[in-house]
Amino acid sequence: MGKGCITVTKYFLFLFNLLFFIFGALITGFGLWVLLDNQSFIAVLQESSVTVKVASYILIGVGSFSMAMGFFGCIGAIYEIRCLLGLYFTCLLLILIAQVTAGILIYFQRDRLKHEMSIIIKGMIVNYTGQNSTTEQAWDHIQKTMKCCGWTGPSNWTENSLIKNSSQNLYPCSCRNDSLPGTEIKDTGLCEHLSTDLPVYETGCIVSVEKWFLDNCGVILGICLGVAVVELLGMILSMCLCKNIVQEDYTKVPKY
C-alpha cells in the first residue's frame, strides 16, 4: 500500500509539474507580448515608461524560471531524486513569496501607476506630430478602435504644439467620428475642418483604457492564481514524496 501511494504521489507530482511548465510558458508568452506588441495601449507606454519594460523582462524571467523548475521537478519526481525535490520545494517557496510581494506592491502603488500613465499620455499628446512613430501609431490605433479622443477628453488636444500654433482648425484624424461630416478621412496625422465644431468623439480614452486594463488584469490574475495553486500542490507533493524516499538510487537517472 505504501509503495502504491508513493507511485501515485510521484505521477501526480509529474502532472502538476507539467501544468507548472505550461503556466510558465504562458507567463513568458505574455511578457513577450508586452515587450513586442505595437498595436495596443502597451506600445504607448513602452516608449516612455521604463517600468513597463522592466515588468515585461521580469515576466519573461519568471516564466522561463518556472518552465525550468517544472522540468527539473518532473525529473526529480520520476527518478525520485531527493536533492532535486528539496531544491524544487525551496524554489517554489521563493517564487510564491515573490509573487505575493509583487501583487501587494502593485496593489498599493496603483494610484501612482495611474498618475504616471496619465502624465505619459498627456505628454505624448502635447508632442504629437503625426510622423507615424511607433508610439503615435499605437495611440492613433487606440483612438480609432476605442472611438475616443484624448485622455480625459478632446480638450487635451488643445495643448498640442502644432494645433495650438496653427491658424487652421486642426484635429487628430484618428479622433474623427465617422457618423459626423468631415472634410478629410485619414487614420493618422492631423486633419483640417472648416467649421469650429470638430467632428470628433466627445469621450476621453481613459475609461476605455481602464476597461482594457481590467480585462487584461483578469487574465493575468487568473494565470497567476493558477500558477499559485499548482505551486502549493507541487510543494505539498514534493515534500510527501521526499519524506517517503528511503534511499536515492542515482543509477536510475539516464546518462547522456
Side-chain angles (χ1 to χ4, degrees), residues 33-57 105-218 220:
W33 172 70
V34 171
L35 186 65
L36 302 177
D37 180 68
N38 60 0
Q39 292 295 322
S40 67
F41 183 70
I42 290 293
V44 179
L45 298 180
Q46 282 177 353
E47 297 295 325
S48 304
S49 178
V50 177
T51 305
V52 175
K53 291 183 178 179
V54 172
S56 65
Y57 287 124
L105 288 175
I106 291 173
Y107 178 79
F108 285 106
Q109 295 293 320
R110 63 188 186 281
D111 292 334
R112 180 180 177 181
L113 292 174
K114 184 177 180 180
H115 179 67
E116 180 185 357
M117 183 170 59
S118 178
I119 293 175
I120 291 171
I121 299 302
K122 289 181 179 179
M124 186 275 301
I125 290 176
V126 169
N127 298 311
Y128 182 91
T129 61
Q131 299 300 317
N132 292 327
S133 67
T134 302
T135 306
E136 293 180 357
Q137 283 181 345
W139 185 246
D140 285 331
H141 178 75
I142 291 168
Q143 292 189 137
K144 188 72 176 177
T145 55
M146 292 186 174
K147 296 183 179 181
C148 55
C149 188
W151 182 237
T152 57
S155 59
N156 294 143
W157 283 99
T158 58
E159 299 299 320
N160 177 264
S161 301
L162 295 178
I163 294 177
K164 184 189 297 186
N165 297 322
S166 176
S167 58
Q168 301 171 315
N169 291 324
L170 298 178
Y171 68 94
C173 302
S174 57
C175 277
R176 186 179 182 277
N177 190 336
D178 295 333
S179 63
L180 299 176
T183 56
E184 293 186 55
I185 302 177
K186 294 193 302 182
D187 292 335
T188 60
L190 298 175
C191 294
E192 180 184 2
H193 192 62
L194 298 180
S195 67
T196 55
D197 297 327
L198 302 179
V200 298
Y201 297 108
E202 295 298 325
T203 57
C205 295
I206 183 172
V207 176
S208 299
V209 168
E210 285 181 345
K211 182 179 182 300
W212 180 89
F213 264 110
L214 288 175
D215 291 341
N216 283 275
C217 280
I220 299 170

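Within the 4.5 Å cutoff, the side chain of Pro199 has heavy atoms near those of the Tyr171 side chain. Using a 4.5 Å cut-off on side-chain heavy atoms (C-beta onward), Val126 and Lys122 make no contact. Looking only at side-chain heavy atoms (C-beta outward), Leu162 and Tyr128 stay at 4.5 Å or farther from each other.
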| message | Between Cys148 and Cys205, is the disulfide (SG to SG under 2.5 Å) condition met? List the steps. | response | CA-CA 5 Å; Cys148 55; Cys205 295; 1.9 Å; yes
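Here the straight-line distance linking atom CE of Met146 with atom NE2 of His141 works out to 8.0 Å at 0.5 Å rounding. The distance from atom CD of Gln143 to atom OH of Tyr201, rounded to the nearest 0.5 Å, is 10.0 Å. Between the CH2 atom in Trp139 and the OG atom in Ser174 there is a gap of 9.0 Å [rounded to 0.5 Å]. Rounded to the nearest 0.5 angstrom, Ile125 CD1 and Thr152 OG1 are separated by 8.0 Å.
In this structure, Asn160 and Leu190 approach most closely via the heavy-atom pair OD1-CD1, 4.5 Å. Considering all non-hydrogen atoms of both residues, Asn156 and Gly150 come closest at OD1-C, 3.8 Å. When every heavy atom of Leu170 is checked against every heavy atom of Leu198, the shortest pair comes out as O-CD1, 4.0 Å. Minimum heavy-atom separation, Val200 to Cys149: CB-SG, 4.3 Å. Residues Thr129 and Glu136 share a closest heavy-atom pair of N-OE2, 2.9 Å.
Annotation: salt bridge (charged side-chain N to carboxylate O under 4.0 Å, His left out) contacts involving residues 153-171, sequence neighbours excluded, comprise Glu159-Lys164.
By the side-chain hydrogen bond (donor to acceptor under 3.5 Å, both in side chains) test, Ser118 is found to be paired with Trp151, residues two or more places apart in sequence or in another chain being considered.
A donor-acceptor contact closer than 3.5 angstrom is absent between the side chains of Ser161 and Asn165.
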